[in-house]
Amino acid sequence: MASFHGSQTTPSTATLTHSPIYHAIIQAGPRLKPLQQVHARILVTGYGRSRPLITKLLSFAYAATSPVSYTRHLFFSIPKPDTFLFHSLITLTSKFNFPRESLLYYRRMLLANISSSNYTFSAAIKSSTDLMAFSIGETIHCHVLICGYGLDVYVQAALVSFYAKSGHVRIARKVFDKMPEKTVVAWNSMISGYEQNGFGKEAIGLFYLMQDLGVKPDSSTFVSLLSACAQVGASGLGCWVHEYIARNCFDLNVVLGTALINMYSRCGNVSKAREIFDLMEEKNIVAWTAMISGYGMHGHGNQALELFSEMRVRGPRPNSVTFVAILSACAHAGLVDDGRQIFASLRQEYGLVPSVEHQVCMVDMLGRAGHLNEAYQFIKDIPKEPAPAVWTAMLGACKMHKNFDLGVEVAEHLLSLEPENPGHYVMLSNIYALAGRMDRVEKVRNIMIRNRLKKEVGYSTIDVDQKVYLFSMGDKSHPETNQIYLYLDELMSRCREAGYIPASESVMHEVEEEEREHALRYHSEKLAIAFGLLKTGPGVPIRIIKNLRMCEDCHTAIKHISVIADREINVRDRLRFHHFKDGSCSCGDYW
DNA sequence: ATAGGGTTAG
């Protein structure tokens, strides 16, 4: 081992593998401390600039737990870093959440004219994803194509995830379709991409395709799939997934468990969600928050409070999201005193800064409960200009409690902040309608038509026999449209016999003339319910999901339908669940 | 001689 005696020369790889230092590195393995000890010995013996030794150290540091600063140090101890050294640094900084730094090294590598490999590309793309830097990611995609790595599975998987996460699902799908061999990871990226962008149905469709092609799903697949089920209310598939993972002995880890809690509570089954929660061995703050929010969604404010206080005693520390969950639970259950206290503790006990969402919860909570002045004062006490969402909550409260003057004032202020938001015009027009100012209603509506402002289209979905059906208002696309409409008409006339009076106010939800005609009778949730009643046997609960909030007219009508058809009906609207049974709703008409 | 891609909550 003569070559080990001069610090100027670098040992060759052949002699290196027999050297004691090399063996020391191997023995140290991926544990950072022993690695650093060996490194110290390397420095002391004068081989600090030996590329093979440093490279070997790096390759082990890669597997260690928090090696970023150490890797930086190693990297800068070598004079002319090569592709591998750059790769290690770029990948590590990317993996341990220093995306900006990672891209900086990527640029430095390009400037030094060192060619990048497929390894480097996937890391750089991941960094762009984490930074939400769309144009950087696109540029790197170009580099990939120029360098001929366009068909590398790892690079492609990173690209799929990049495009999906930056909201370009269709491009993601294009890259995905081009993959000659699709790994589970690629399938997972695409399924999660659909789900995250609100295309739950497509996520589920892709999962079925994956099944047909015989690709074996793993636990990540199920996490995304369960979120998709939660999103579209596919309780049938959700339960199937639960059975499948139990049968195939999947480990019920925190992530999977939380996905199940979320799926069950958003599909209407809170008690099942709680069962999972109790079964989970490890519960982090996300799991607790999911359970609290599940209770909140169902209007079970007291259970949410109970769980929250249990968590304060023996659970993890609540974060900002937890507070949104518990505050909105209080808002939906009318637990104003508890809500006030919790809001105070957010700052005083936990040192958190109230976010816009917390403010919205508070205004919503106070406003619903009729404390309009307190809600207004709360807004005035917000240091900077309150966010539009806060004013929107205030406006909702004004409408709910028919406070015409304040409502108009708030609506006009909102319109000055967001003149393009159709929701505000609809709200203002509704308030005018409540006050009988039909001239103003017409005026607002004309502004909307002139500016081509259309309200988000409402739709409802229902899961029958593990298939999700979608209905929009006045929908006639279903093959059994005739039967559905006939049956719905019959239902509605029986509702009227039972004392139901269609509310005229709700008609204002629709703007266009032709829409208004059918608006009341054919709101999407009514269509979906009629379909559900036709398609399922007596005693089977009907479960509907609606993208917007339910209007008061539908709420009243469905209460009647639950009696006439003698059926339990659950509707999840944008905010919460309504369980209709025997002519009343679980929300107690408070929503 | 060396190494990598996907994951949950309102």
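The chains referred to below are lettered A, B, ... by the order of the sequence lines, with proteins before strands, and numbering in each begins at 1.
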Next on the checklist: I need the full list of salt bridge (Lys or Arg N to Asp or Glu O under 4.0 Å) pairs touching residues 119-134 of chain A, with sequence neighbours left out, sorted by first then second residue.
Outcome noted: K126(A)-D130(A)
Checklist entry - Which part of the nucleic acid, if any, lies within contact of D82(A), taking any heavy atom under 4.0 Å across all strands shown: a base, the sugar-phosphate backbone alone, or nothing? => result nothing
Item to check | Partners meeting side chain to side chain donor-acceptor pair (under 3.5 Å) with R314(A) (sequence neighbours left out) | outcome: E310(A)
Checklist entry - Of the nucleotides dG6(B), dA9(B), dT2(B), which has the atom closest to the S189(A) side chain? => result dG6(B)
Checklist entry - Does anything in residues 247-275 of chain A pair up under ring-ring contact (aromatic ring centres under 6.0 Å, His included), and if so which pairs, sequence neighbours excluded? => result F222(A)-F250(A), H242(A)-Y264(A)
Next on the checklist: Can you measure R173(A) atom CZ to dG6(B) atom P for me and round it to whole angstrom units?
Outcome noted: 19 Å
Next on the checklist: For a quick test of reading the model: is some side-chain N or O of N188(A) closer than 4.0 Å to OP1 or OP2 of dT7(B)?
Outcome noted: no
Next on the checklist: Tell me every residue that passes side chain to side chain donor-acceptor pair (under 3.5 Å) with T289(A), counting only those two or more places apart in sequence or in another chain.
Outcome noted: T322(A)
Checklist outcome for this item: Closest of dG6(B), dG10(B), dT8(B) to the V185(A) side chain is dG6(B)
Checklist entry - Hey, can you pull the residues of residues 291-317 of chain A with a non-hydrogen atom under 4.0 angstrom from DNA chain B? => result S293(A)
Next on the checklist: Within the 4.0 Å heavy-atom criterion, would you say R266(A) contacts the bases, only the backbone, or no part of the nucleic acid?
Outcome noted: sugar-phosphate
Item to check | Distance in angstrom units between F121(A) CZ and dG4(B) P, rounded | outcome: 18 Å
Next on the checklist: Among dG10(B), dG6(B), dG4(B), which nucleotide has an atom closest to any side-chain atom of T91(A)?
Outcome noted: dG4(B)
Checklist entry - Which residue pairs pass the ring-ring contact (aromatic ring centres under 6.0 Å, His included) test when at least one of the two sits in residues 170-201 of chain A, sequence neighbours left out? => result F176(A)-W187(A)
Listed pairs under 3.5 Å, donor-acceptor, residues 112-120 of chain A side chains, sequence neighbours left out:
{"residue": "S117(A)", "atom": "OG", "partner": "Y119(A)", "partner atom": "N", "Å": "3.2"}
{"residue": "S117(A)", "atom": "OG", "partner": "T120(A)", "partner atom": "OG1", "Å": "3.3"}
{"residue": "N118(A)", "atom": "ND2", "partner": "D152(A)", "partner atom": "OD2", "Å": "2.8"}
{"residue": "T120(A)", "atom": "OG1", "partner": "S117(A)", "partner atom": "N", "Å": "3.3"}

Checklist entry - Where the side chain of V153(A) is concerned, which of dA3(B), dA9(B), dG5(B) is the nearest nucleotide? => result dG5(B)
Item to check | Stretch residues 206-221 of chain A: residues that reach within less than 4.0 Å of DNA chain B through a heavy atom | outcome: D218(A), S220(A)
Item to check | Close residues, residues 157-172 of chain A, relative to DNA chain B [heavy-atom separation under 4.0 Å] | outcome: A157(A), S161(A), K165(A)
Checklist outcome for this item: For D278(A), the side chain to side chain donor-acceptor pair (under 3.5 Å) test, sequence neighbours excluded, returns R274(A)
Counting only pairs under 3.5 Å, give me each side-chain donor-acceptor contact of residues 223-235 of chain A, with atom names and distances, residues two or more places apart or in other chains.
{"residue": "S227(A)", "atom": "OG", "partner": "V223(A)", "partner atom": "O", "Å": "3.1"}
{"residue": "Q231(A)", "atom": "OE1", "partner": "G200(A)", "partner atom": "N", "Å": "2.8"}
{"residue": "Q231(A)", "atom": "NE2", "partner": "E195(A)", "partner atom": "O", "Å": "2.9"}
{"residue": "Q231(A)", "atom": "NE2", "partner": "E195(A)", "partner atom": "OE2", "Å": "3.4"}
{"residue": "S235(A)", "atom": "OG", "partner": "D463(A)", "partner atom": "OD2", "Å": "3.4"}

Item to check | Gap between atoms CZ and P, on F222(A) and dT7(B) respectively (whole Å) | outcome: 17 Å
Item to check | Phosphate contact (dA3(B) OP1 or OP2) by N118(A) side-chain N/O below 4.0 Å | outcome: no
Next on the checklist: Do the side chains of R173(A) and E202(A) get close enough for a salt bridge, i.e. N-O under 4.0 angstrom?
Outcome noted: no
Checklist entry - N284(A) near the nucleic acid: base, sugar-phosphate alone, or nothing, with a heavy-atom cut-off under 4.0 Å? => result nothing
Next on the checklist: Is the ring pair H168(A)/F134(A) parallel, tilted or perpendicular, if the boundaries are 30 and 60 degrees?
Outcome noted: parallel
Next on the checklist: Which label fits H298(A) and F577(A): parallel for a plane angle under 30°, tilted from 30 to 60°, or perpendicular past 60°?
Outcome noted: parallel
Item to check | Under the side chain to side chain donor-acceptor pair (under 3.5 Å) test, residues paired with E349(A) that sit two or more places apart | outcome: R312(A)
Checklist entry - Can you find an N or O donor on one side and an acceptor on the other, under 3.5 Å apart, linking the side chain of T183(A) with the base of dG5(B)? => result yes
Checklist entry - Do we count Y119(A) as stacking onto dA3(B) if the rule is ring centres under 5.5 Å and planes under 30°? => result yes
Next on the checklist: Categorize E195(A) for me: base, sugar-phosphate, or nothing, with a 4.0 angstrom heavy-atom threshold over every strand shown.
Outcome noted: nothing
Checklist entry - Taking only side-chain nitrogens and oxygens of Q196(A), does any of them come within less than 4.0 Å of OP1 or OP2 of dT7(B)? => result no
Item to check | Rounded interatomic separation in angstrom, taking CD1 from I90(A) and P from dG5(B) | outcome: 14 Å
Next on the checklist: Please tell me whether F277(A) and W288(A) form a close aromatic pair, meaning their ring centres lie under 6.0 Å apart.
Outcome noted: yes
Item to check | Length of the CZ-P vector between R574(A) and dG10(B), whole Å | outcome: 14 Å
Checklist entry - Could you state the CG-C1' distance from L85(A) to dA3(B), rounded to the nearest angstrom? => result 12 Å
Item to check | Whole-Å distance separating the CZ atom of F323(A) from the P atom of dA9(B) | outcome: 20 Å
Checklist entry - Atom CZ of F96(A) and atom P of dG4(B): how far apart are they, to the nearest Å? => result 10 Å
